Amino acid sequence: MLIFRFAGSLRRHFRKITLNVDTPSQGLRLLLAQCPEFKRDFYQTRLRIRIEGNDIASNSLEFHMHRHLKDGSTVLFAPVIEGAISAAAAAWIAVAISVASVAYSLYMTSHMKTTSAADQDTNSITNNSFTSAENRVGQGRPVPLLLGEMVVGSNVISLGIDTSNNQDWDVSIS
């Protein structure tokens with residue numbers, strides 16, 4: 001009888017299980033055949049194996065998995081924790097981020113839009129409704145539409161005089 005223990009992410013399938021087998025490979029094959037989810041997670045995980053309290057190296061793994069162990073021996077499967085960043089890699093990442101931020105700030109200052117006098121004039125005109133004596137709309141701003149008849153005040157934009165009809169002065173000035 002061997003005791004199989006699992007650590008890390010493999011504990012969601014099994015924590016501790018005792019099997020009546022002679023070798024660790026027999027017990028592992030039995031567990032892999034019984035649970036497909038465990039099989040998927042087992043094959044996708046880098047593992048560290050300990051048999052009877054001793055770490056097993058990858059070059060001697062086949063020997064230790066097929067040898068007969070005494071009853072009550074423990075076989076531990078623990079996932080290897082990966083993803084640590086070395087100090088040199090962290091330094092290179094910090095340098096890259098600082099260079100990128102300086103380059104971005106230089107790019108933004110060279111492409112910054114400066115406001116001209118014409119832009120300032122259009123921004124100062126805010127009255128775009130027909131409620132005052134001077135109804136002006138800045139360039140690019142929406143113009144309200146009139147529905148029906150309204151009496152509105154405004155600045156005179158142009159004045160034309162028609163001199164072809166001198167009899168009706170009311171019609172001549174338009």
Side-chain angles (χ1 to χ4, degrees), residues 4-17 24-25 28-29 31-51 53-62 64-65 74-161 174:
F4 290 88
R5 295 175 83 72
F6 297 92
S9 62
L10 296 176
R11 288 188 90 169
R12 79 181 101 166
H13 304 289
F14 305 109
R15 289 182 184 270
K16 176 182 174 184
I17 190 162
S25 64
L28 186 59
R29 273 184 284 185
L31 292 174
L32 292 173
Q34 293 294 320
C35 185
E37 293 86 16
F38 171 70
K39 182 178 183 178
R40 182 194 63 221
D41 291 344
F42 186 82
Y43 283 131
Q44 290 177 353
T45 306
R46 247 182 96 206
L47 294 172
R48 184 177 127 208
I49 301 171
R50 295 185 70 153
I51 298 177
N54 299 320
D55 285 332
I56 306 302
S58 60
N59 57 359
S60 64
L61 181 63
E62 187 175 346
H64 287 290
M65 290 299 285
T74 302
V75 180
L76 173 70
F77 295 96
V80 175
I81 308 278
E82 298 178 303
I85 296 178
S86 65
W92 279 109
I93 290 171
V95 168
I97 289 173
S98 62
V99 167
S101 66
V102 168
Y104 181 71
S105 64
L106 291 175
Y107 172 78
M108 289 306 291
T109 56
S110 67
H111 288 81
M112 189 180 301
K113 182 180 178 187
T114 58
T115 57
S116 64
D119 291 337
Q120 291 175 352
D121 287 342
T122 59
N123 291 336
S124 65
I125 299 172
T126 58
N127 185 6
N128 61 354
S129 62
F130 294 107
T131 57
S132 72
E134 284 188 12
N135 294 313
R136 297 183 296 167
V137 176
Q139 181 179 356
R141 303 264 175 121
V143 178
L145 297 176
L146 294 178
L147 299 176
E149 290 187 29
M150 291 185 80
V151 177
V152 295
S154 182
N155 290 341
V156 176
I157 296 175
S158 66
L159 177 66
I161 298 176
S174 58

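These numbers come from a predicted model, not from an experiment. Heads up: numbering here begins at 1 and tracks the sequence.
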Query raised in the report: Can you find a pair of side-chain heavy atoms, one from T74 and one from R50, that are under 4.5 Å apart?
Result: no
Query - Minimum-distance pair of heavy atoms, taken over all atoms of R11 and F6 - result: CG-O, 2.9 Å
Report task. Side-chain contact test, heavy atoms from C-beta onward, threshold under 4.5 Å: evaluate it for L28 versus V75 and give yes or no. Result -> no
Query raised in the report: Side-chain contact, heavy-atom cut-off 4.5 Å: I51 with P24?
Result: yes
Query - Value rounded to 0.5 Å, distance of CG in L10 from CZ in F77 - result: 9.0 Å
Query raised in the report: Can you tell if the side chain of R15 reaches within under 4.5 Å of the side chain of R5, non-hydrogen atoms only?
Result: no
Query raised in the report: Can you tell if the side chain of I49 reaches within under 4.5 Å of the side chain of L76, non-hydrogen atoms only?
Result: no
Query raised in the report: Does L47 reach the side chain of F42, with side-chain heavy atoms less than 4.5 Å apart?
Result: yes
Query raised in the report: At what distance, to the nearest 0.5 angstrom, does NE2 of H13 lie from CZ of R40?
Result: 6.5 Å
**Report entry** Shortest non-hydrogen contact between V80 and R48, atoms and distance
**Finding:** CG2-N, 3.9 Å
Query raised in the report: Of all heavy-atom pairs between A7 and P79, which one has the smallest distance, and what is that distance?
Result: O-CD, 3.0 Å
Requested in this report: Write down the atom of F14, the atom of C35, and the distance for their closest heavy-atom approach.
Outcome: CZ-CB, 4.3 Å
